[in-house]
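As a basis for the values below, the full set of heavy atoms in this structure was taken, side chains included, without hydrogen atoms, waters or symmetry mates.
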Amino acid sequence: RLKRVMFARHWNALARAIDPTKWAVVGSQESLQQAPVASRCFVAVHSDLATRPVANSFLLPYTVHPLHLDYRIGPVRPENEPRRIRVMFAGNTGFYHDAHFVERLYGVPSRDRCVQWLLSNRKDAVVVDTISGRQKLFSRDSTKAVPCLMICTTKGDRHRWFEELGSTDFFLCLPGSHMLMCHNAIEAMAVGCIPILSYKDWFVPALREGVNCLSYRTVEELGLAIDRALSMSAAEIENLRRCVLDYYRSTLDPVQVSARLAEVMRGLSRIHVYVNQEECDTLRRAHSESVLHKGGTLQSPVHSATDLR
């Protein structure tokens with residue numbers, strides 16, 4: 001149900017961008033082939049991101065978690081105002097069915113592996129494991145010393161999530177339970193929080209190391225990325241933040257995405273739209289020429305994932 005809500009976010013914006021009488025959605029390749037050629041643009045929706053894109057296709061980017069769609073998204077403070085925390089992770093850990101599932105599928109350390117490594121190897125890591133401790137730390141009136149590297153292992157107030165992200169320079173976008181991409185990467189970028197992640201090539205176009213992200217593929221590289229974030233000057237961080245916000249506004253913002261999709265649909269009688277349904281058996285088969293890494297044929301051409309690593 002939440003996936004459908006997330007998908008509807010794009011289509012609601014799309015409906016505002018174009019005349020809804022000019023397009024119709026169909027659910028399969030077969031129904032698309034049978035659809036009559038008329039003035040409408042018929043839309044076929046696909047979820048297999050491991051295939052090569054077909055002609056006249058468009059990949060809808062991953063978005064914020066559906067539970068956050070009704071909240072204000074965007075910079076929550078002036079963009080040049082210093083942020084209180086340099087590097088933060090906050091999220092679920094201890095995935096009960098298989099904590100290291102993503103390691104076998106994608107060859108990068110799982111979220112639990114990363115957190116365990118940080119707690120064992122980073123003396124500067126401060127753990128916040130109570131709701132009250134998290135609330136006090138993010139309070140604007142707090143006089144408590146703010147850590148440079150903070151690991152939150154307890155859930156916070158989702159109504160204040162974007163405010164918390166807006167208080168942080170870098171966010172550790174560790175993998176989810178069954179795939180690398182996680183909503184928190186999009187949420188962080190929406191408020192100008194620079195992502196540190198292991199899946200920059202899951203974005204279209206791919207994120208760029210040292211331009212709009214810091215990246216890693218091993219826990220040792222994660223440690224080096226954190227060291228780099230901690231040693232950056234305010235000017236360097238501000239340059240990264242501007243690039244992150246520019247990327248989000250042009251590539252991930254649902255309103256902009258829908259407007260761009262509406263533009264490429266004009267003049268077409270049929271279009272194929274790909275969506276990420278979080279199907280791990282599909283995503284594990286993706287390669288450098290897949291929709292996951294290349295996007296659709298109606299989107300700007302990008303380098304292959306291999307070229308950008």
Side-chain angles (χ1 to χ4, degrees), residues 3 6-7 9-11 13-14 17 43-65 73 102 105-106 108 173 175-176 179-190 193-217 240 243-265 268 271-280 282-309:
K3 292 176 187 175
M6 179 173 61
F7 182 54
R9 166 87 168 187
H10 290 283
W11 287 112
L14 178 62
V43 182
V45 181
H46 307 271
S47 62
D48 188 353
L49 304 192
T51 60
R52 293 174 182 266
V54 298
N56 291 341
S57 56
F58 192 97
L59 170 64
L60 285 182
Y62 211 57
T63 185
V64 302
H65 194 281
I73 300 175
V102 298
L105 262 62
Y106 310 109
V108 298
C173 304
M179 71 173 188
L180 299 183
M181 179 72 83
C182 195
H183 295 291
N184 58 28
I186 315 302
E187 293 155 3
M189 296 176 71
C193 190
I194 303 155
I196 300 177
L197 39 64
S198 61
Y199 49 90
K200 65 181 188 293
D201 54 335
W202 280 42
F203 290 79
V204 177
L207 297 181
R208 298 172 59 193
E209 165 69 28
V211 176
N212 47 29
C213 77
L214 298 181
S215 64
Y216 68 93
R217 299 289 294 181
L240 276 171
C243 291
V244 167
L245 286 170
D246 287 346
Y247 186 99
Y248 176 83
R249 291 163 179 165
S250 65
T251 308
L252 300 173
D253 185 329
V255 175
Q256 294 300 320
V257 172
S258 299
R260 188 161 64 253
L261 178 56
E263 181 179 353
V264 300
M265 284 173 63
L268 295 177
I271 189 173
H272 300 264
V273 173
Y274 291 91
V275 295
N276 187 345
Q277 294 278 31
E278 303 177 357
E279 299 167 349
C280 58
T282 296
L283 297 172
R284 67 188 300 183
R285 295 187 285 104
H287 51 82
S288 62
E289 299 300 317
S290 297
V291 176
L292 177 67
H293 300 303
K294 298 286 285 187
T297 60
L298 296 174
Q299 290 162 292
S300 300
V302 296
H303 298 292
S304 72
T306 303
D307 295 336
L308 287 165
R309 283 180 183 170

Under 3.5 Å donor-acceptor, [X] side chain and [Y] backbone:
X: Gln299; Y: Leu59; result: yes
X: Thr297; Y: Asn56; result: yes
X: Tyr247; Y: Pro205; result: yes

Of all heavy-atom pairs between [X] and [Y], which one has the smallest distance, and what is that distance?
X: Pro175; Y: Ser198; result: CG-OG, 4.1 Å
X: Leu283; Y: Tyr106; result: CB-OH, 3.7 Å
X: Gly296; Y: Pro53; result: CA-CB, 4.1 Å
X: Leu292; Y: Ala286; result: CD2-CB, 3.6 Å
X: Ala185; Y: Cys173; result: CA-SG, 3.6 Å
X: Val264; Y: Ile271; result: CG2-CD1, 4.4 Å

How many angstroms lie between atom [atom1] of [X] and atom [atom2] of [Y], to the nearest 0.5 angstrom?
X: Glu278; Y: Leu49; atom1: CD; atom2: CG; value: 11.0 Å
X: Asp253; Y: Ser258; atom1: CG; atom2: OG; value: 8.5 Å
X: Cys193; Y: Leu240; atom1: SG; atom2: CG; value: 11.5 Å
X: Leu214; Y: Ile196; atom1: CG; atom2: CD1; value: 5.0 Å
X: Glu209; Y: Lys200; atom1: CD; atom2: NZ; value: 6.5 Å
X: Cys213; Y: Met189; atom1: SG; atom2: CE; value: 8.0 Å

Do [X] and [Y] come close enough that some side-chain heavy atom pair is under 4.5 Å?
X: Asn276; Y: Met179; value: yes
X: Val291; Y: Ser57; value: no
X: Arg52; Y: His287; value: yes
X: Leu197; Y: Phe203; value: yes
X: Met265; Y: Val43; value: yes
X: Val244; Y: Pro195; value: yes
X: Leu60; Y: Leu261; value: yes
X: Thr63; Y: Leu252; value: no

Flag for Tyr248-Gln256: side-chain donor and acceptor within less than 3.5 Å: no
Aromatic rings Tyr62 and His183: how do their planes relate, parallel, tilted or perpendicular, breaks at 30° and 60°? parallel
Please determine whether side-chain contact (heavy atoms from CB on, under 4.5 Å) holds for the pair His293 and Trp202, giving the CA-CA distance in whole Å, both sets of side-chain angles, and the decisive distance to 0.1 Å. CA-CA 6 Å; His293 300 303; Trp202 280 42; 3.6 Å; yes
Run the side-chain contact (heavy atoms from CB on, under 4.5 Å) test on Ser47 and Thr282 for me, step by step, so that the C-alpha distance in whole Å, both residues' side-chain angles and the decisive distance to 0.1 Å come before the verdict. CA-CA 9 Å; Ser47 62; Thr282 296; over 6 Å; no
